Asker: 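Can you keep this structure in mind? I'll have questions shortly.
On a predicted model such as this, the values are computed, not experimentally measured, just so you know. Quick note on labels: first sequence line is chain A, next is B, and so on, each numbered from 1.
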There are 2 protein chains.
Amino acid sequence: MTQATTKTVRAGLNRDRVLRAAIELADREGLAALSMRRLGNELGVEAMSLYNHIANKDDMLDGMVQTIVEDLNARVGPGGGADAQSDWVTAMRTRILTARAVMLQHKWAPGLIESRSSFSPPLVAYYEGVLATLRAGGFSYDLAHHTLHALGSKAIGFNQELFNPVGAGDSQPDVDIEAMAEQFPHLAEMLADVVHEGPETTIGWCDDQTEFEFGLDVLLDGLERRRTGATRRK
Amino acid sequence: MTQATTKTVRAGLNRDRVLRAAIELADREGLAALSMRRLGNELGVEAMSLYNHIANKDDMLDGMVQTIVEDLNARVGPGGGADAQSDWVTAMRTRILTARAVMLQHKWAPGLIESRSSFSPPLVAYYEGVLATLRAGGFSYDLAHHTLHALGSKAIGFNQELFNPVGAGDSQPDVDIEAMAEQFPHLAEMLADVVHEGPETTIGWCDDQTEFEFGLDVLLDGLERRRTGATRRK
DNA sequence: ACCTGAACACCGTTCAAGT
DNA sequence: ACCTGAACACCGTTCAAGT
């Protein structure tokens, strides 16, 4: 065996390697730090070399999302199995919370998924699984369709929230609760009433696990009621 | 009256004028087209002049959101009035659909609101109104707090959806439904089953009015059931 | 087939200089 | 007090040239 040359250490650059490195860099330093020059540097190569493996930066960002969702699909499977037939709520809940776990590992992914309209095959495959689960649970296509819309980004494990309870340690602990009480009496009273001691496992703002699951369960309950016809709202 | 000089035509540049012009430019050509040089051009001034009225671009983006939400607050009022006391669901529904109408006029706003953590006074004031409405409707602070999380960005009128039904005219009408049926049988069947003829009044993707209201109503129904104790889920 | 270096057309922003 | 012009340190990307 001639074993090639030792310079293979630096070689082997291909699309997948580029995408994995980009994902790792974004995980580590955020999406803003992901420039072509910076990524090239990370891979020991000039920025322009990357263009041999990706079409352009947009293509790279799409590829990053695609890679992550492929990994997610491998974890959740095709959906619509026996578990969904006997209890679609639990099956859906498990699927969505798995997606959420993946998104928590790549906090830049939700923003990226939302900001680009590209609906790649892995993303379609994920939603096919959601739909298969709904159908196994007895949903009509019409109600399943509404459900996909109602779940929105929650179906794939994230929830962009806006309400960021002040004092949650995030660089603004000096909230003037006195002055706030005058202008925003209800918010001030709520903050005094509700103790927020949850861990910092958030996507974006104050979207912690408990709150995510609360919102998800309200939706799932409401959808189940509509499926069984318990809600006859015109 | 000396009436000053006629050069006042171009003068009068101030923070509000800059923000209004930025909003108008973003409405017209999208957020990507909003560069400092471009905006300066629009106002008949060098880009660097803008820095006399705003601290930097981030400050300007914050100001744009702030301006819009101030206008929204003027339209919806403080919340928690007699209407909320007699029927909080309808009061909330009206408030949220008004917010949605504003967001539809400034389609770049949702993305901007989500992407920055700045929680400006007008935004806090809007949520104070949401909370006041919930309290008037008989919510405990604890349930109201969960509700704010559960509503998420829906509370202020938008909903980032991911499911973008192909064939909705949006530059990808050439979907190979044959090939799709093999890989994604449920999605293909649903598309065949559900006719999507809604107007193009969407924020982002396929988030049209009907679907937005469906998801909102599922949530409001579920929340009302929790408020009255109809749902006793541990 | 893959990588490089220089260059282009853009950014946001600083700074010294004008009035 | 407000505006300007040149400059700086970045972008993504093109292109001709190397091996």
Side-chain angles (χ1 to χ4, degrees), chain A residues 2 4-23 25-26 28-66 108 111-112 115-118, chain B residues 2-26 28-66 108 111-112 115-118:
Chain A
T2 41
T5 58
T6 33
K7 71 147 75 152
T8 23
V9 178
R10 261 293 141 74
L13 201 58
N14 57 31
R15 183 177 171 89
D16 192 60
R17 282 270 279 261
V18 170
L19 295 180
R20 297 282 173 188
I23 289 169
L25 180 55
R28 218 171 56 235
E29 305 191 26
L31 206 56
L34 181 63
S35 74
M36 302 305 280
R37 285 170 173 84
R38 181 86 165 72
L39 180 59
N41 208 302
E42 208 81 9
L43 286 164
V45 101
E46 294 300 311
M48 300 73 201
S49 303
L50 301 172
Y51 287 86
N52 287 309
H53 307 103
I54 53 157
N56 50 44
K57 192 176 182 181
D58 262 15
D59 176 49
M60 187 174 81
L61 295 174
D62 283 342
M64 291 165 67
V65 170
Q66 217 163 323
W108 45 270
L112 209 51
S115 69
R116 65 198 40 244
S117 55
S118 105
Chain B
T2 42
Q3 176 58 22
T5 57
T6 34
K7 69 148 76 153
T8 23
V9 178
R10 259 295 140 73
L13 202 58
N14 57 30
R15 184 179 170 88
D16 193 60
R17 282 272 277 262
V18 171
L19 294 180
R20 298 281 174 190
I23 289 169
E24 207 240 322
L25 180 56
R28 217 171 58 235
E29 305 193 26
L31 206 57
L34 180 64
S35 73
M36 302 305 282
R37 284 170 173 86
R38 182 85 165 72
L39 179 59
N41 208 303
E42 209 80 11
L43 285 163
V45 100
E46 294 300 312
M48 299 73 201
S49 304
L50 302 173
Y51 287 87
N52 287 309
H53 307 103
I54 53 158
N56 49 45
K57 193 176 182 181
D58 263 16
D59 176 48
M60 187 175 81
L61 295 174
D62 283 342
M64 291 166 67
V65 170
Q66 218 163 322
W108 44 270
L112 209 51
S115 70
R116 63 199 41 244
S117 56
S118 105

Asker: In whole angstrom, what separates A:L39's CG from C:dC3's C1'?
Answerer: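 Distance check: A:L39 CG to C:dC3 C1' gives 15 Å.
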
Asker: Just the rounded figure in Å: distance from C1' of C:dA1 to CG of A:L13.
Answerer: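 Rounded to the whole Å, the gap is 13 Å.
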
Asker: For the residue pair B:G40 and B:L50, what are the closest heavy atoms and their distance?
Answerer: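 Closest heavy-atom pair between B:G40 and B:L50: N-CD1, 3.9 Å.
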
Asker: Quickly work out the B:R15 CZ to D:dA1 P distance and round it to whole Å.
Answerer: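 Result: 18 Å.
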
Asker: What's the spacing between B:L25 CG and B:E29 CD if we round to 0.5 Å?
Answerer: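 Going from CG on B:L25 over to CD on B:E29, the span is 5.5 Å.
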
Asker: Closest approach of B:R38 and B:A33, non-hydrogen atoms and distance?
Answerer: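 Answer, listing the atom of B:R38 first, then B:A33: CG-O, 3.4 Å.
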
Asker: Taking B:S49 for its side chain and B:V45 for its backbone only, find out whether a donor-acceptor pair lies under 3.5 Å.
Answerer: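 Judged by distance alone, no pair lies under 3.5 Å.
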
Asker: I need the minimum non-hydrogen distance between A:R15 and A:I54, along with the two atoms involved.
Answerer: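 Distance-wise, the nearest heavy atoms are NH1-CG2, 3.9 Å.
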
Asker: Please convert DNA chain D into dot-bracket. A pair counts if it is Watson-Crick or G-U wobble with both distances under 3.5 Å; crossing pairs go in [ ] and bases paired with another strand get |.
Answerer: ||.|||||...|||||.||

Asker: How many whole angstroms separate atom CD of B:E46 from atom C1' of C:dT19?
Answerer: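 So the CD-C1' distance, B:E46 to C:dT19, works out to 15 Å.
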
Asker: Return no unless some side-chain N or O of B:S49 is found under 4.0 Å from OP1 or OP2 of D:dT4.
Answerer: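 So the side chain of B:S49 is within the cut-off, an N or O lying under 4.0 Å from OP1 or OP2 of D:dT4.
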
Asker: Using a cut-off of less than 4.0 Å, is there contact between a side-chain N or O of B:H53 and OP1 or OP2 of D:dA1?
Answerer: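 B:H53 to D:dA1 OP1/OP2: no side-chain N or O under 4.0 Å.
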
Asker: How long is the gap from CG on B:N14 to CG on B:N52, to the nearest 0.5 Å?
Answerer: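 Rounded to the nearest 0.5 Å, the CG-CG separation comes out at 12.0 Å.
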
Asker: Minimum heavy-atom separation for A:M64 and A:A26, please, with both atom names.
Answerer: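 Between these two residues, the closest heavy atoms are CE-CB, 4.0 Å.
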
Asker: Rounding to an integer number of Å, can you tell me how far B:L43 CG sits from D:dC3 C1'?
Answerer: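 So the two atoms are 13 Å apart, to the nearest Å.
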
Asker: Quick test: give all pairs of protein nitrogen or oxygen and nucleotides 11-14 of chain C nitrogen or oxygen below 3.5 Å, distance rounded to 0.1 Å.
Answerer:
| from | atom 1 | to | atom 2 | distance (Å) |
| --- | --- | --- | --- | --- |
| C:dC11 | OP1 | B:S35 | OG | 3.4 |
| C:dG12 | OP1 | B:K57 | NZ | 2.7 |
| C:dG12 | OP2 | B:M36 | N | 3.1 |
| C:dG12 | N7 | B:R37 | NH1 | 2.7 |
| C:dG12 | O6 | B:R37 | NH2 | 3.0 |
| C:dT13 | OP2 | B:Y51 | OH | 2.8 |
| C:dT13 | OP2 | B:K57 | N | 2.9 |

Asker: Begin from the C-alpha positions of B:E42 and B:R28 and carry the test salt bridge (Lys or Arg N to Asp or Glu O under 4.0 Å) through to its verdict.
Answerer: CA-CA 12 Å; B:E42 209 80 11; B:R28 217 171 58 235; 2.4 Å; yes

Asker: May I have the distance from B:R17 (atom CZ) to D:dC2 (atom P), rounded to whole angstrom?
Answerer: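 Distance check: B:R17 CZ to D:dC2 P gives 13 Å.
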
Asker: Tell me if a side-chain donor or acceptor on B:H53 pairs with a main-chain N or O of B:V18 at a distance below 3.5 Å.
Answerer: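 Absent.
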
